[in-house]
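Chain naming here is simple, since letters A, B, ... match the order of the sequence lines and numbering starts at 1 in each.
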Amino acid sequence: MLQQTTVAAVKDYFRRFTERWPRVEDLAAAEDAEVMSAWAGLGYYARARNLLACARTVTRSHNGRFPETAEGLQALPGVGAYTSAAIAAIAFDEPAAVVDGNIERVTTRLCLIETPLPSARREIRLEVERMTLSRRPGDFAQAMMDLGATICTPRRPACVLCPLALACKARATGRQEEFPHKLAKKAKPFRRGAAFVARRRSDGAVWLRRRPNQGMLGGMAEPPTTGWSSRSDGQLGIEAAPFDADWSAAGTVQHGFTHFDLQLEVFRADIDYIDDDDGWWAPAESIDQEALPTLMRSVIAAAFPELSAIRGPRS
DNA sequence: GAGTCGTGGGG
DNA sequence: TCCCCAAGACT
């Protein structure tokens with residue numbers, strides 16, 4: 001959960017996951033849909049699919065026990081260089097080189113690594129391997145991460161409080177805020193599409209479908225939308241509607257993703273039935289139980305502001 | 001190696 | 001308001 005996500009954002013999700021699925025075999029036995037629903041709002045949804053696949057692998061192929069080496073751990077779905085090293089060091093006392101975003105920043109400053117990210121990663125790893133001792137490797141990794149999170153911060157690092165200040169090569173020349181150097185990022189493209197929110201007259205239920213497992217928001221629920229993939233914009237108007245209804249415009253929703261900005265035209269309609277088996281009616285009172293990413297919650301709220309269950313932060 | 005993949009908070 | 005970035009992984 002903490003991959004590219006702050007502790008504050010993760011905290012409640014972690015609590016709910018571990019209460020609902022306390023043991024790895026509990027999670028392994030869960031349905032895909034309930035895990036995606038519990039992850040909804042946290043982002044990077046491939047992590048949820050990987051976490052579930054990982055729990056099933058550990059339960060079914062490793063006799064319910066996690067591998068105890070970084071190499072073995074990295075073979076699990078969703079467990080890469082950082083996570084495998086962190087678990088090996090913290091849980092199993094293996095002197096593995098743990099390198100996360102914090103440690104990249106600390107190390108480029110400490111060792112004055114001028115090479116820009118991401119190509120600096122190899123040098124950084126070598127320096128971290130050199131600094132990682134066999135004694136208390138897990139505490140060392142967490143100390144370095146906490147140093148980056150609280151003192152060696154991206155802006156205005158608190159060098160006067162830093163235990164490594166005298167050893168820091170960047171600090172010695174007063175250039176600490178320049179690091180890490182980074183390659184210039186390209187401009188975010190702007191993409192458009194349309195979304196269609198249908199509500200059933202009899203009970204106010206909302207028509208949803210499931211997005212394919214691959215790609216953006218993979219495996220998550222949505223009201224029917226046009227394509228808005230990284231390849232191409234979707235169609236924009238009513239003519240792109242998934243089925244015939246008395247559609248009316250309900251404004252637009254803007255959403256920023258990591259690598260593009262998106263604007264969706266939202267249309268809404270009240271209907272009696274749908275001749276379509278590629279979706280389901282989500283009851284109005286329990287629509288917050290659906291695996292709806294934040295973008296799709298905004299879309300539904302734009303179409304039907306009176307649907308109170310959709311509003312506000314997830315709880 | 002370079003893209004792809006979410007969301008929210010802080011400066 | 002805008003930009004940055006967060007206990008990265010995968011293709």
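Atom CD in A/Gln3 sits roughly 20 Å away from atom P in B/dT4 (whole-Å rounding). The interatomic distance linking A/Met216 (CE) with B/dG3 (P) rounds to 17 Å, in whole Å. Atom pair A/Asn50:CG and B/dT4:P shows a separation of 19 Å (rounding to whole Å applied). Rounded to a whole Å, the NZ atom of A/Lys185 is 10 Å from the P atom of C/dC3. Regarding A/Arg105, its CZ atom lies at a distance of 15 Å from the P atom of C/dC4, rounded to whole Å. Rounding to whole angstrom units, CG of residue A/Leu76 and P of C/dC10 are separated by 10 Å. The nearest whole Å value for the distance from the CG atom in A/Leu73 to the P atom in C/dA9 is 12 Å. We find that CG of A/Leu51 is positioned 16 Å from C1' of C/dC10, with the value rounded to whole Å.
No more than 12 heavy atoms of other residues, nucleotides or ligands lie within 6.0 Å of CG in A/Asp246, so this atom counts as exposed by the packing criterion.
Rounded to whole Å, the C1' atom of B/dG6 lies 13 Å from the corresponding atom of C/dC5. Between the C1' atoms of B/dA2 and C/dA7, the separation comes to 23 Å (whole Å).
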Take A/Asn102 and A/Arg105, measure what side chain to side chain donor-acceptor pair (under 3.5 Å) needs, and give me the verdict at the end. CA-CA 5 Å; A/Asn102 288 303; A/Arg105 183 173 57 256; 2.8 Å; yes
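At the heavy-atom level, A/Thr83 lies under 4.0 Å from the strands shown only through sugar-phosphate atoms. Within 4.0 Å of A/Arg122, counting heavy atoms only, lies no atom of the nucleic acid at all. Using a 4.0 Å heavy-atom criterion, one finds that A/Ala81 contacts the sugar-phosphate atoms exclusively.
Remark: A/Glu265 does not engage A/Arg192 in a salt bridge, criterion side-chain N to carboxylate O under 4.0 Å. The pair A/Asp270-A/Arg201 does not meet the salt-bridge criterion, since no charged nitrogen lies less than 4.0 angstrom from a carboxylate oxygen.
Ranked by how close their nearest DNA chain B nucleotide is to the 5' end, A/Pro118 and A/Ala46 are led by A/Pro118.
Seen from the ring of A/Phe140, A/Arg136 does not count as a face-on cation partner, given the 6.0 Å and 45° thresholds.
Look at A/Lys186 and you won't find any side-chain N or O under 4.0 angstrom from OP1 or OP2 of B/dA2. At least one side-chain nitrogen or oxygen of A/His259 sits closer than 4.0 Å to the OP1 or OP2 atom of B/dC5.
Taking the six-membered ring where the residue is Trp, A/Phe260 and A/Trp228 present tilted rings, their angle falling between 30° and 60°.
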Any protein N or O atoms within reach of nucleotides 7-11 of chain B? Criterion: under 3.5 Å, listing atom names and distances.
from  : atom 1 : to       : atom 2 : distance (Å)
B/dT7 : OP1    : A/Tyr45  : OH     : 2.9
B/dT7 : OP1    : A/Thr294 : N      : 2.7
B/dT7 : OP2    : A/His255 : NE2    : 2.7

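Judged by distance alone, the side chain of A/Glu290 and the main-chain N or O of A/Ala282 form no donor-acceptor pair under 3.5 Å.
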